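Because the structure is predicted, anything quoted here is derived from the model rather than measured. When reading the values below, keep in mind they use all heavy atoms of this one structure, side chains included, and skip hydrogens, waters and symmetry mates.
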Amino acid sequence: MLRSLVLATLATTAVGAAGLGPLPSLPLFAAPDTLTVTVSDSGRSSADGTFELTCDGRAGGNHPDRERACEQLDRLAEAGGNPFRPVPEDQLCTQVYGGPAVAHITGTWQGRTVDARFSRADGCEIDRWENLEPVLPLVGG
């Protein structure tokens with residue numbers, strides 16, 4: 001393993017020195033995406049609870065829809081946004097109530113620390129929630 005790492009470093013240096021530009025950096029020892037998802041008041045007893053989700057090439061944990069949840073997180077990562085970012089305070093949102101469901105997600109995603117809260121209190125929050133389905137469960141208003 002060490003020999004491979006040294007050879008890869010030398011190859012990167014040689015390519016850069018030859019004027020071909022740097023190779024893209026790839027994380028050699030990237031930590032898996034690991035999230036704890038807590039949902040309450042969803043109206044579905046099977047959706048409420050605390051679930052672990054690990055995405056590292058294969059889905060793990062006790063999340064009820066872990067394969068599709070990891071696929072959605074991969075799609076969101078490719079899009080380059082941050083689905084855990086809160087709604088900006090100056091954002092105009094429709095005053096539509098989506099129900100009492102709330103969620104809290106903590107952990108690590110794409111090397112970033114996650115500590116995000118979700119609700120269905122208005123149109124912006126409903127959109128945030130639905131953007132993360134099936135990481136967060138499908139719920140009705």
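Between the side chains of T50 and T38, a donor-acceptor pair is found at a separation under 3.5 Å.
Scanning all heavy atoms of the two residues, the minimum distance from R128 to P83 falls at NE-O, 4.2 Å. Heavy-atom minimum distance, W129 versus S119: CE3-O, 3.8 Å. Of all heavy-atom pairs between P134 and D65, the closest is CB-OD2, 3.6 Å. Heavy-atom minimum distance, V39 versus A47: CB-O, 3.5 Å.
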Could you give me the CA-CA distance, side-chain angles and deciding distance for T106 and V114, then say whether side chain to side chain contact (heavy atoms under 4.5 Å, CB included) is met? CA-CA 5 Å; T106 58; V114 174; 5.8 Å; no
If you apply the rule salt bridge (charged side-chain N to carboxylate O under 4.0 Å, His left out), what do you find for E130 with R120, and how did you get there? CA-CA 9 Å; E130 291 177 352; R120 299 180 59 82; 3.7 Å; yes
Could you go through L35 and L73, starting from their C-alpha distance and side-chain angles, then the distance that decides it, and tell me whether this counts as side chain to side chain contact (heavy atoms under 4.5 Å, CB included)? CA-CA 11 Å; L35 299 172; L73 289 171; 3.8 Å; yes
Going through the distances and angles, do C55 and L53 end up as a side chain to side chain contact (heavy atoms under 4.5 Å, CB included)? CA-CA 7 Å; C55 304; L53 177 64; 4.0 Å; yes
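How far CD of Q91 is from CD of E125: 10.0 Å, rounded to the nearest 0.5 Å. We find the NE2-OG1 distance between H63 and T54 to be 11.0 Å, quoted to the nearest 0.5 Å. Atom CD of residue Q95 and atom SG of residue C124 lie 8.5 Å apart, to the nearest 0.5 angstrom.
Residue F118 is tested with N131, I126, V102, I105 for a side chain to side chain contact (heavy atoms under 4.5 Å, CB included); the sole match is I105. Applying side chain to side chain contact (heavy atoms under 4.5 Å, CB included) to F84 and the options V135, D115, L132 leaves one that passes, L132.
A 6.0 Å sphere centred on CZ of R58 holds no more than 12 heavy atoms belonging to other residues, nucleotides or ligands. Environment of CZ in R112: crowded, with over 12 heavy atoms of neighbouring residues, nucleotides or ligands closer than 6.0 Å. Environment of CZ in R44: crowded, with over 12 heavy atoms of neighbouring residues, nucleotides or ligands closer than 6.0 Å.
Two different hydrophobic clusters hold F51 and V139 under the rule that ILVMFWY side chains link at heavy-atom gaps under 4.5 Å.
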